[in-house]
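Everything numeric in this text was worked out from a predicted model, so none of it was measured. Counting starts at 1 for both ligands and their atoms, in listed order.
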Amino acid sequence: MKHLLKLEDWSTEEIINTLNLADQLKYEQKHGIEHKILKGKSLGMIFEKSSTRTRVSFEVGMTQLGGYPLFLSSNDLQIGRGEPVEDTARVLSRFLDGIMIRTFEQKEVEALAVYGSIPIINGLTDYCHPCQVLADLMTIREFKGKLEGLKMCFIGDGNNMMNSLIVGALSTGMSFSAACPKDYMPPKHIIEFGEKYGNGKFEIVTDPLEAAKNADVVYTDVWASMGQEEEKKIREAAFAGYQVNKELMAVTNKDCMVLHCLPAHRGKRLLQMYLKSMQTKSLRRQKTVFTLRRLFLLNVWQMKCLKKFDDSLIL
Ligand code: NVA
């Protein structure tokens, strides 16, 4: 049984196979080729944090594959009233074929996998966001034609997005650089992962211009993630210089892509100057494809977990 708890658990081959299969499903969807490969399967979706894109893409993705998505708000579940995650995992495993969970602590997701007997998908924790990064890799590959040899640069908080981007980029042959204020660096073991697998192509600095030099992809995220609302003011001061703006884009490679996992807070955060720049069009385009890519990727994952996939489907 395959879970998606964090990207570190997946090999390069698994990541690339998933991207290939996602391309295939996208092609089939576009050309009206039916692929109801999850007929009769049900996916429980537990949300302990807000969601727009993840919820909709899972729900629509599951439906397009012929399966049944079930939205489970933690406010309405016993887990929200203190039922141990072990019990929830055991009970839900008897009703469902898979669980997607968005929550705070990574250990809750890991516990579902330990105590349950069905595939678990991490739909975001404070620690990581693997589904988003698979979708980003698919988007980059589609626009740039490859991943290997490209340079990804992350500007901002050493948070869930950055943790997964480090793993996703390095696992697929990209180089990775980041600029973070020194009190907001990613956890030590993620930096160690970068140093080990980056092979000299990994760096974290405090100067955004240094990090962005010759980047092919610039990525950014909010300064205060869900659950950090009380730190908003302190964070706004700490991240004031960490903007994706014209000055920063001037040191990147030609045709550098800008990605943001969204939601983006216009007029306040990293994108404010960038949005006004000449590359607004490309950003808007990314925004549209994000949703699509994720939808197909999630489809793929569910298919991998719930049904042994047919290699002949890969383009
Ligand atoms: N870092 C953000 C990502 C949202 C998709 C958060 O956790 O709120």
Side-chain angles (χ1 to χ4, degrees), residues 4-8 45-61 71 73-74 100-110 121-140 152-169 176 178-181 183-187 190 204 217-236 238-239 242-244 258-266 268-272 274 283 286-295 297-298 301:
L4 178 52
L5 308 178
K6 53 187 182 301
L7 226 39
E8 298 91 296
M45 309 186 302
I46 303 176
F47 286 95
E48 297 193 51
K49 286 181 175 176
S50 310
S51 170
T52 303
R53 283 154 282 269
T54 297
R55 177 180 170 182
V56 173
S57 59
F58 267 105
E59 205 160 319
V60 176
F71 174 72
S73 157
S74 64
M100 188 286 300
I101 178 164
R102 168 169 287 197
T103 188
F104 293 86
E105 294 190 60
Q106 178 70 15
K107 68 175 189 217
E108 198 175 330
V109 178
E110 307 268 347
I121 307 172
N122 182 338
L124 181 144
T125 58
D126 291 344
Y127 172 66
C128 64
H129 197 2
C131 293
Q132 172 69 49
V133 169
L134 288 173
D136 292 328
L137 294 174
M138 185 176 175
T139 305
I140 296 166
M152 177 184 285
C153 165
F154 184 89
I155 304 291
D157 190 13
N159 62 9
N160 46 8
M161 276 312 309
M162 180 158 154
N163 293 342
S164 291
L165 284 168
I166 289 175
V167 179
F176 187 93
C180 313
D183 292 335
Y184 295 91
M185 295 278 171
I190 286 284
I204 302 192
V217 180
V218 168
Y219 206 111
T220 191
D221 186 11
V222 293
W223 294 338
S225 289
M226 289 180 273
Q228 296 172 334
E229 289 77 9
E230 282 177 7
E231 297 172 34
K232 207 167 150 239
K233 280 227 150 62
I234 301 174
R235 285 176 166 268
E236 272 175 18
F239 287 100
Y242 291 79
Q243 284 188 328
V244 175
V258 174
L259 295 174
H260 189 303
C261 55
L262 303 173
H265 301 267
R266 282 148 183 75
K268 260 198 143 192
R269 297 183 195 283
L270 306 176
L271 291 176
Q272 61 188 28
Y274 184 70
L283 182 64
Q286 297 312 319
K287 200 171 145 186
T288 317
V289 294
F290 274 21
T291 312
L292 289 174
R293 295 308 175 274
R294 186 181 316 193
L295 184 149
L297 277 159
L298 297 176
W301 190 83

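Residue Met226 has at least one nitrogen or oxygen atom sitting less than 3.5 Å from a nitrogen or oxygen atom of ligand 1, judged on distance alone. Annotation: Arg102 places no N or O atom under 3.5 Å from an N or O atom of ligand 1; distance criterion only. By the 3.5 Å distance cut-off applied to N or O atoms, His129 is not counted among the residues near ligand 1. At least one N or O atom of Asp221, backbone or side chain, sits closer than 3.5 Å to an N or O atom of ligand 1.
If you take CZ on Phe47 and OG1 on Thr103, they are separated by 11.5 Å, rounding to the nearest 0.5 Å. With rounding to the nearest 0.5 angstrom, the CZ atom of Arg235 is 4.0 Å from the CD atom of Gln228. Taken to the nearest 0.5 Å, the SG atom of Cys128 stands 8.0 Å off from the CG atom of Leu4. Interatomic distance, CG of Asp126 versus CD of Glu105, reported as 7.5 Å (0.5 Å rounding).
With a 4.0 Å cut-off on non-hydrogen atoms, Asn160 touches ligand 1 through its side chain and not its backbone. Residue contacts with ligand 1 for Asp126 are absent, since no atom lies close enough (heavy atoms, distance under 4.0 Å).
Using bins of under 30°, 30° to 60° and over 60° for the plane-to-plane angle, the ring pair Phe154/Tyr219 lands in the parallel bin.
Nearest heavy-atom pair, Phe239 versus Pro181, reported as atom, atom and distance to 0.1 Å: CE2-CD, 3.4 Å.
For ligand 1, the atoms sitting less than 4.0 Å from at least one non-hydrogen atom of Asn159 are 1 (N), numbered in the order shown with element in parentheses.
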